[in-house]
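All heavy atoms count here, side chains included; hydrogens, waters and symmetry mates do not.
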Amino acid sequence: MSFPLLTATAALPAIGAVATAAVPAARRTAAKWLALAFSLGTLVLAGIALARFEPGGDRFQLTESHAWIKDFGVRYELGVDGIGLALMALTALLIPFVILAGWHDADPLETNSSRWRPTQGFFALILMVEAMVILSFEATDVFLFYILFEAMLIPMYFLIGGFGDRAHSGSDENAAAQRSYAAVKFLLYNLVGGLIMLAAVIGLYVVAGSFSLSEIAEARANGSLSMATSTERWLFLGFFFAFAVKAPLWPLHTWLPNAMGEATSPVAVLITAVVDKVGTFAMLRFCLQLFPEASKWATPVILVLALISIVYGALLAVGQRDIKRLIAYASISHFGFIILGIFAMTSQGQSGATLYMVNHGISTAALMLVAGFLITRRGSRLISDYGGVQKVAPVLAGTFLIGGLATLSLPGLAPFVSEFLVLVGAFAAYPAVGIIATTGIVLAAIYVLVLYQRTMTGPVKAEVQGMADLKVRELVVVVPLIALLLFLGVYPKPLTEIVNPAVQHTMSDVQKKDPQPEVEAAK
């Protein structure tokens with residue numbers, strides 16, 4: 001029996017979570033180093049999976065399959081295609097930076113406190129989220145995926161509500177109330193989506209007699225599975241609603257600004273760069289593969305919702321006074337681009353959407369983590385409380401600028417490639433949609449450059465005068481992310497080689513071909 005690499009990649013952070021939580025209360029630093037070690041070990045396993053994956057091979061590779069709940073036909077089935085593998089690698093890559101960035105975020109305010117274990121709990125919860133997210137990218141059994149889809153809400157709820165941002169303008173009581181509100185809103189929105197998905201999962205089993213993606217695909221291929229049009233559409237809507245909440249897609253997005261605003265900056269990265277990707281990934285993995293006809297039927301409405309997300313999110317980002325909420329609304333706009341690429345139903349659009357998921361994760365992590373370092377120094381999230389930072393902390397300002405330029409998809413940085421592909425794919429199939437979507441680019445330039453101008457340039461405010469520049473630990477967090485943005489911006493081929501074969505399989509599932517350009521015959 002071959003080594004269960006996918007199981008090991010998800011199990012290692014889960015074991016690390018238990019080990020970190022068990023560290024004695026007084027040994028907080030040991031708990032941090034232990035969590036970091038387990039996250040680095042997970043990154044190594046993800047790297048081995050990347051090395052063993054053959055882009056031109058079978059659709060799902062490194063597969064594992066074991067009986068689990070026999071009476072209900074539930075199996076423990078894992079496998080990765082290029083899309084799942086890329087997002088699994090992104091998750092494994094970002095978690096060590098999240099841990100390093102949040103090194104002191106959960107330290108007790110009382111330096112002599114040895115009774116409580118907030119530090120151990122904080123890092124244990126991060127590792128538990130990593131384990132569940134990685135396993136969700138690997139799951140090829142629908143019921144197994146559903147369990148992970150819901151279970152990851154529990155540690156995220158405690159990370160948002162129990163370890164909130166200390167840079168709050170109100171009283172401690174008000175800050176605690178705001179954190180609690182954000183955590184409950186996050187949980188309720190996603191639970192409602194999950195319950196609707198559960199009904200659809202049960203309906204799928206009744207129709208298909210299986211939860212296994214491979215078995216359902218085989219039944220479709222040999223003609224033994226047929227769904228009534230209305231049944232397929234209702235099941236599609238049940239799955240899509242849950243994924244649209246997680247993504248988040250307008251108008252189901254309102255939980256995100258609250259959650260990202262009240263969470264610590266590393267947890268905000270965990271939300272938008274890691275957990276939310278499960279929603280857009282699942283649209284490709286489950287909606288298009290299980291319900292191809294319903295996906296095409298719903299495409300016009302979904303494209304409209306994606307366009308609203310792009311423009312609406314960008315407009316609200318322009319008007320924000322809070323740095324973290326600005327980044328949250330920018331992410332809503334970016335997720336609109338991702339969903340636009342998925343449902344444009346072109347190979348360029350879906351390749352761009354997958355690259356966008358990866359590149360958005362890296363660029364948002366870079367910008368949000370640097371913003372977190374800035375907010376920690378000043379103790380305020382309000383843009384108006386800053387000014388002239390580049391004169392006292394030039395390295396901090398420079399990395400903040402690069403993160404911002406990546407967010408607006410500047411050519412030469414990784415997000416440009418993905419946004420360009422999404423727009424090319426959209427223009428090819430729906431020219432009017434592509435034209436409207438380009439307004440998001442203009443608005444992105446406005447909110448990023450205005451944010452930089454108001455915080456980093458101009459006269460140095462008195463409260464900013466003694467601000468320290470980035471320290472070694474903070475540079476270790478930011479520099480590799482910026483280097484990756486530059487590398488993938490200039491040379492995206494290693495990523496596209498993994499992703500493109502999986503995209504072709506998805507295009508085959510929905511029986512779509514790229515539109516051919518109209519060329520006028522020579523006279």
Side-chain angles (χ1 to χ4, degrees), residues 1-16 36-68 75-97 127 129-141 144-145 148 212-215 217-218 273-274 277-278 281-282 284-286 289 350-351 353-355 357-359 361-362 414 480 483-484 487-488 491-509:
M1 182 177 177
S2 60
F3 178 71
L5 182 58
L6 297 186
T7 293
T9 306
L12 189 61
I15 295 169
L36 181 61
F38 272 99
S39 70
L40 291 173
T42 305
L43 179 58
V44 170
L45 290 180
I48 294 173
L50 277 170
R52 290 182 57 184
F53 187 82
E54 298 177 7
D58 295 337
R59 179 173 189 174
F60 293 106
Q61 300 180 33
L62 309 175
T63 55
E64 303 172 32
S65 181
H66 308 281
W68 184 18
R75 298 185 63 81
Y76 177 79
E77 283 192 350
L78 305 181
V80 287
D81 59 1
I83 297 170
L85 182 65
L87 293 173
M88 183 184 81
L90 170 70
T91 302
L93 172 71
L94 290 181
I95 296 302
F97 298 122
L127 289 175
V129 171
E130 179 182 23
M132 292 178 181
V133 170
I134 286 177
L135 202 55
S136 69
F137 291 139
E138 300 171 346
T140 56
D141 183 276
L144 173 61
F145 174 83
L148 297 164
S212 169
L213 279 178
S214 59
E215 291 181 5
E218 184 180 350
V274 177
K277 299 301 187 300
V278 176
F281 161 79
L284 281 165
R285 168 67 60 86
F286 297 103
Q289 186 173 346
Q350 292 188 358
S351 293
T354 305
L355 294 180
M357 287 187 250
V358 175
N359 294 333
I362 300 170
L484 201 55
F487 175 76
L488 292 176
Y491 189 67
K493 185 179 178 181
L495 197 53
T496 57
E497 282 186 339
I498 295 173
V499 166
N500 286 343
V503 167
Q504 293 304 320
H505 284 296
T506 305
M507 292 286 290
S508 177
D509 289 335

Ignoring hydrogens and geometry, is there a side-chain-to-backbone donor-acceptor pair from T91 to L87 under 3.5 Å?
-> yes
Ignoring hydrogens and angles, tell me if any N or O in the side chain of E497 forms a donor-acceptor pair with the backbone of P55 under 3.5 Å.
-> no
Any idea which heavy atoms bring [X] and [Y] closest together, and the distance?
X	Y	answer
S212	E77	OG-OE1, 2.8 Å
A502	G82	CB-N, 3.7 Å
F53	D81	CZ-C, 3.8 Å
F281	I83	CD1-CG2, 3.9 Å
P13	E130	CB-OE1, 3.5 Å
A8	F3	CB-CZ, 3.7 Å

Can you list the residues that meet the side chain to side chain contact (heavy atoms under 4.5 Å, CB included) rule with S351, with sequence neighbours excluded?
-> N500, V503
[atom1]/[X] to [atom2]/[Y] distance, rounded to the nearest 0.5 angstrom?
X	Y	atom1	atom2	answer
R52	L5	CZ	CG	5.5 Å
S508	R59	OG	CZ	8.0 Å
S136	M88	OG	CE	11.0 Å
L40	L45	CG	CG	11.5 Å
L85	L50	CG	CG	4.5 Å
H505	F60	NE2	CZ	8.5 Å

Answer yes or no: is there a side-chain heavy-atom contact under 4.5 Å between [X] and [Y]?
X	Y	result
L135	Y76	yes
V358	I362	yes
F145	V278	yes
D141	W68	no
T140	L78	no
L284	T354	yes
L6	Q61	no
I95	V129	no

Criterion side-chain contact (heavy atoms from CB on, under 4.5 Å) on L144 and L148, from CA distance to verdict | CA-CA 6 Å; L144 173 61; L148 297 164; 4.2 Å; yes
Can you check side-chain contact (heavy atoms from CB on, under 4.5 Å) on T42 and I134, steps first, answer last?
-> CA-CA 10 Å; T42 305; I134 286 177; 3.7 Å; yes
Donor-acceptor pair between T506 and Q350 side chains, under 3.5 angstrom =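 No, Q350 and T506 have no side-chain donor paired with an acceptor closer than 3.5 Å.
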Trace of the side-chain contact (heavy atoms from CB on, under 4.5 Å) decision for L90 with M357 = CA-CA 9 Å; L90 170 70; M357 287 187 250; 5.8 Å; no
Could you walk me through whether D58 and T63 pass the side-chain contact (heavy atoms from CB on, under 4.5 Å) test, one step at a time?
-> CA-CA 10 Å; D58 295 337; T63 55; over 6 Å; no
